[in-house]
Amino acid sequence: MPTARRLPVWLGALLLVALAVLLRWPSLPREVWNLDEANTTVFAQHLRQGDVMYRDVADTRSPLMVYLLAAELRIVGDWNNRGLHLGLAVMIGLTGLLLWRTVRRLDGSAAGGWAGVLFVVASVLFVDPVDAFTTHTEWFVVFF
């Protein structure tokens, strides 16, 4: 029985990230999706400008999210929420890739690819838009 051809990892990553970006593309013009995203982005921008967490800016959540957004702002540019949302789409596509790779290593089946695609599509269709398109803590938890 012939074995099925495997999709190269780089191509799977490209397809999943492209799918995540395309599904989120119409939402990119919206600057801020909710108050949590706005607060966290402002805190991250303060950190980028040299302020100190819990001295100059304070939040009740873990500082990890703020530092992650500050790192992303360093990449996409200051006060760039559209860039943060695009980064979120890329991260969701990469999470789909991690699902695919995990299943592929476990049993070598094509189910992992479908799990990755389902995750990317479901992250838009089955989540409230305010949560689906917002750069917030839960997406980073899912990724890590």
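Sequence positions, counted from 1, serve as the residue numbers for this chain.
- With rounding to the nearest 0.5 angstrom, the CG atom of L16 is 12.0 Å from the CD1 atom of I92.
- For residues 16-30, no residue pair satisfies the salt bridge (charged side-chain N to carboxylate O under 4.0 Å, His left out) rule, not counting sequence neighbours.
- By the criterion of side-chain heavy atoms lying less than 4.5 angstrom apart, applied directly or through intervening Ile, Leu, Val, Met, Phe, Trp or Tyr residues, L15 is grouped together with L125 in one hydrophobic cluster.
- Considering every non-hydrogen atom in both G93 and A20, the closest pair reads N-CB, 3.7 Å.
- For residues 81-108, every residue pair satisfying the salt bridge (charged side-chain N to carboxylate O under 4.0 Å, His left out) rule, not counting sequence neighbours, is listed here: E31-R82.
- Although no hydrogens or angles enter the test, the distance criterion places no donor-acceptor pair under 3.5 Å between the side chain of N81 and the main chain of L84.
- No chain of hydrophobic side-chain contacts below 4.5 Å, direct or via other Ile, Leu, Val, Met, Phe, Trp or Tyr residues, connects L118 to L22.
- Listed by chain and residue number, W25, H85, L86 satisfy the side chain to side chain contact (heavy atoms under 4.5 Å, CB included) test with L28 (two or more places apart in sequence, or in another chain).
- We find the CD1-CG distance between I75 and N80 to be 11.5 Å, quoted to the nearest 0.5 Å.
- By the 4.5 Å side-chain criterion applied to Ile, Leu, Val, Met, Phe, Trp and Tyr, W79 is assigned to a cluster that also includes V42.
- Applying the salt bridge (charged side-chain N to carboxylate O under 4.0 Å, His left out) rule to pairs touching residues 39-52 yields R48-D78, sequence neighbours excluded.
- Annotation for V127: hydrophobic cluster partners, listed by chain and number, are none (ILVMFWY side-chain heavy atoms under 4.5 Å, direct or chained).
- Among all heavy-atom pairs drawn from A70 and A44, the shortest one is N-CB, 3.5 Å.
- Tracing side-chain contacts under 4.5 Å through hydrophobic residues (I, L, V, M, F, W, Y), one reaches V21 starting from L23; they form part of the same cluster.
- A continuous path of hydrophobic side-chain contacts links L11 to L98 [ILVMFWY only; heavy atoms under 4.5 Å].
- Other residues sharing the hydrophobic cluster of L14, ordered by chain and number and joined by side-chain separations under 4.5 Å: none, the residue standing alone.
- With sequence neighbours excluded, no residue forms a side chain to side chain contact (heavy atoms under 4.5 Å, CB included) with A18.
- Applying the under-4.5 Å side-chain rule to Ile, Leu, Val, Met, Phe, Trp and Tyr, the cluster around M53 extends to F43, L47, Y54, V57, V66, Y67.
- Partners of L94 by side chain to side chain contact (heavy atoms under 4.5 Å, CB included), not counting sequence neighbours, listed by chain and number: V17, V90, L97, F143.
- For the atom pair OG1 (T40) and CD (Q45), the distance works out to 13.0 Å, reported to the nearest 0.5 Å.
- Following chains of ILVMFWY side-chain contacts shorter than 4.5 Å, one can reach L19 starting from V124, so the two form part of one hydrophobic cluster.
- Pairs passing the ring-ring contact (aromatic ring centres under 6.0 Å, His included) check and including a residue from residues 98-135, sequence neighbours excluded, read W33-F133.
- Of all the heavy atoms in G96 and V120, the pair that sits closest is CA-CG2, 4.4 Å.
- Residue pairs satisfying the salt bridge (charged side-chain N to carboxylate O under 4.0 Å, His left out) criterion with at least one member in residues 34-45, sequence neighbours excluded, are listed as follows: D36-R61.
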